[in-house]
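Below, read A as the first sequence line, B as the second, and so on, with proteins coming before strands; counting in each chain starts at 1.
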Amino acid sequence: MQGKLHLVNHAFHAMGSPCHLQFYAVSRQQAQEAKQLVKQRLEQLEQRYSRYRDDSLISKINQASGSAKATKIDPETAALLAYAEQCFQESEGLFDVTSGILRKAWSLNKTVLPSEQQLKQYQKLIGWEKVEWNQDRVYLPQAGMQLDFGGIVKEYAADSIAQLLKNKGITSGIVELGGDIKVIGARPTGQGWPVAIRNPLEQDKQSLQLTMTQGALASSGDYERFQLIDGVRYSHILNPKTGMPTTGLRAVSILSEHCVVAGSIATLAMLKGTKGLHWLQENKLNFFCCQEGGEIHQQLS
Amino acid sequence: MSLINRLSLAALALPGIVAEDAYAGRVDETFSTDFQYAHYEESNDRMEVDVFNLTAVAPIGKNFTASLDLVRDTMSGASPVLNVKDGQGNVQQFLSSASITDERDALNASLSYAFDDVDLSIGGGVSDENDYFSGHVNAGVSWALNKKLTTLNLTGSVAFDEITATGRPEINETKTSQKYLLGVTQILNKDSLIQSNMTFAYHNGYLSDPYKRVYIEDTATQVNDARPGNKFQWAWLTRYVHHFKAANKAALHADYRLYIDDWGVDAHTVELSWFQPIADGWQIVPRFRYYTQDKADFYQATFTSSNLGAIHSSDYRLAGFGSIGAGIKLTKSFLMSGFVKEVKLQAAFDYNDRKASYQIGGDNSGSFDDYSFYMVTASINARF
Amino acid sequence: MKKNKIKIISLVLILAAVSACTPVKPWERGNLALSQMALDADGQEAAFRQHTFYSKESASGGYGGHGGGCGCN
């Protein structure tokens with residue numbers, strides 16, 4: 001209500017990506033408290049779901065695979081599992097949070113394509129339908145199975161932080177975690193925050209500029225993380241059914257109310273490969289994408 | 001249910017996420033005060049008015065907003081009393097003497113309560129001058145639907161007036177009015193919106209003007225203005241706004257109002273304004289207005305004994321005429337970071353020419369009551 | 001009657017306008033929030049203008065406003 005309304009610009013690193021938070025605070029104290037809350041929440045999420053930490057909840061679940069002992073989970077994790085289930089159903093099995101281990105087949109063989117045998121070995125350990133879970137517990141029946149929330153947590157974090165700051169009385173701001181964006185609220189004048197989607201073909205050029213007063217933007221693509229084998233570009237998004245990286249789309253950006261939903265849809269579109277563009281158009285989604293050959297399509301109604 | 005809806009539903013189960021549209025309470029958290037000075041002046045040494053207006057709005061708690069509005073009008077100059085016919089049979093307008101200064105004070109207050117998509121408001125006020133007192137109460141509800149793309153408005157008000165007249169001690173009258181508005185505001189697309197309101201008003205009591213008279217030609221006498229004891233008015237206003245990104249984010253406002261009352265007056269009003277932002281917080285707004293009305297059933301410039309009847313008026317405002325107006329407004333907005341968030345300065349000038357011949361389809365009575373007027377306003381608005 | 005015809009035409013026009021709407025996505029509301037797009041940007045000036053016009057002309061109504069009277073002529 002009263003006090004100096006000033007713009008706070010906070011750049012930091014979290015979840016393995018460069019992050020940026022912009023918001024209007026009424027006092028230095030509010031700004032500090034907000035930054036602290038954000039830091040705490042992100043640490044909490046990394047603590048629970050980072051596969052790079054041996055002591056995280058997700059690592060504990062993975063270490064207990066095939067051990068006949070289920071791991072106790074909290075309501076938030078249960079809700080994430082329910083969300084993963086919904087994505088699995090919607091994608092007819094393409095979006096599978098157990099498919100993370102396929103990474104190993106591709107990272108071991110950096111210059112050569114993995115053999116069919118190698119892929120088959122890992123595919124035996126994939127399958128969301130095999131996961132046993134309920135509100136209190138989760139169990140991975142085969143040793144070596146892994147749960148990977150990597151495709152969900154960063155976007156969920158953006159939504160969560162935005163909500164946290166809203167609860168703190170911040171009505172104007174925008175959260176960006178490694179390219180995944182969630183708006184807290186429009187700028188004080190009612191104007192939107194300028195957002196740009198990068199051109200996957202020319203890294204330093206912008207493809208699309210928009211202003212957002214609310215909602216979220218999430219992207220998925222191979223322009224940052226990819227492998228070059230024999231001059232062919234392989235994306236880091238792996239199809240659990242074939243074991244191979246997706247082809248067809250190079251990058252997808254989705255606009256939706258929630259970042260976690262936008263992110264899942266972006267990943268799903270990539271997973272659908274050559275059918276991705278048609279799927280996006282058919283479902284009347286708001287997207288921007290770049291096909292393998294470089295053609296750019298968009299549907300922002 | 002679409003794909004997005006299904007996924008969104010699942011997402012809502014996540015503890016960190018709350019549905020976007022869910023907020024209860026008022027959106028605007030700011031206090032504001034506005035002060036305006038306005039000057040109105042007619043041609044030919046007729047009426048002149050100075051108006052001072054002070055408004056303050058304050059949020060109270062999470063859901064309430066209160067507002068207070070004070071007005072002081074100071075009026076001086078002559079006004080038309082009646083029309084007479086000169087020796088050549090031409091109608092001439094006769095004005096009152098120009099020595100009187102009248103003051104009017106008004107106070108209006110309102111309280112509104114916002115929750116979910118509904119806004120409720122109640123208000124009331126008084127207006128007091130030496131020969132006229134009016135008190136009113138009003139209530140309204142505003143309901144946002146369809147993801148806030150559609151808003152329905154319903155308001156009602158009742159006013160009770162007491163009328164006296166200087167120089168006519170026998171005038172000690174009352175008048176009651178009821179007004180109702182039903183309206184809808186609809187966002188059409190990202191660049192335009194439309195509002196359409198219908199109002200119905202019913203008036204009962206003393207509706208004549210105690211200072212006006214009519215002239216009876218054949219007897220060369222005058223009698224007092226005498227209008228019906230009731231009046232029904234219907235108006236339908238449609239307002240359209242369109243954004244022009246290419247013109248530096250300019251906006252066109254176009255309004256059309258159709259008016260019909262049971263005294264036989266039909267009127268059309270068209271207003272066009274163009275809001276043009278120029279660099280750095282400046283905005284210039286040229287505007288244009290056209291108005292046309294036909295005369296009331298019981299209006300005549302002058303009467304004869306045979307057509308006088310019980311109801312008769314020669315009031316220039318009930319005649320057939322048209323009015324063309326144009327004006328320009330300049331606004332400068334300063335956004336600040338401190339106790340005061342924004343200060344806006346505004347100034348406007350408008351000129352209006354009222355002529356019987358401007359009426360569309362006019363069988364008007366002639367140019368004897370034509371006049372023009374200009375308005376100047378200047379204001380300062382602050383938000384905290 | 002004239003009044004009924006007017007009412008029917010108005011209803012049809014409003015429905016036509018409403019059906020011509022395209023849904024506006026949350027990130028597209030920026031333009032609509034600009035002050036030059038607001039219908040009620042300057043309440044005091046609007047009140048003064050409306051008061052002036054209804055004191056000099058027969059027509060009134062459509063805009064809302066508080067509904068009090070005065071002896072202005």
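For C:Ala38, the part lying under 4.5 angstrom from a heavy atom of chain B is the backbone only. Contact annotation for B:Asp102: neither backbone nor side-chain heavy atoms come within less than 4.5 Å of a heavy atom of chain C. With a threshold of 4.5 angstrom between heavy atoms, B:Pro210 does not approach chain C through any atom at all. For B:Lys249, the parts lying under 4.5 angstrom from a heavy atom of chain C are both the backbone and the side chain. The contact between B:Gln36 and chain C is made by backbone and side chain atoms together, counting heavy-atom distances below 4.5 Å. Of the atoms belonging to B:Ser323, it is side-chain heavy atoms, and not backbone ones, that fall under 4.5 Å from chain C. No part of B:Glu162 comes within reach of chain C, as not one of its non-hydrogen atoms sits under 4.5 angstrom from that chain. Interface residue C:Ser58: backbone and side-chain heavy atoms are both found under 4.5 Å from chain B. The part of B:Tyr371 that comes within reach of chain C is its side chain, from C-beta onward, which places non-hydrogen atoms under 4.5 angstrom from that chain. Heavy atoms of B:Leu318 lying under 4.5 Å from chain C belong to its backbone as well as its side chain. There is no contact between B:Asp128 and chain C, counting heavy-atom distances below 4.5 Å. In this structure, the portion of B:Thr377 lying under 4.5 Å from any heavy atom of chain C is its side chain and not its backbone. Only the backbone of B:Leu54 comes within less than 4.5 Å of a heavy atom in chain C; its side chain stays farther off.
Put simply, OG on C:Ser35 and CD on B:Glu342 are 7.5 Å apart, with the number rounded to the nearest 0.5 Å.
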Pair B:His203-B:Gln178, side chain to side chain donor-acceptor pair (under 3.5 Å): steps then yes or no = CA-CA 7 Å; B:His203 308 275; B:Gln178 304 168 51; over 6 Å; no

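Of the listed residues B:Gln346, B:His242, B:Arg354, the one with more heavy-atom pairs under 4.5 angstrom with chain C than any other is B:Gln346. Contact count against chain C (heavy-atom pairs under 4.5 Å) is highest for B:Phe35 among B:Phe160, B:Phe35, B:Phe133. The candidate from B:His253, B:His268, B:Lys175 with the greatest count of non-hydrogen atom pairs under 4.5 Å with chain C is B:His253. Ranked by heavy-atom pairs under 4.5 Å with chain C, the first of B:Val265, B:Thr269, B:Asn108 is B:Asn108. Annotation: maximal heavy-atom pairing with chain C below 4.5 Å, among B:Gly183, B:Ala38, B:Ala267, occurs at B:Ala38.
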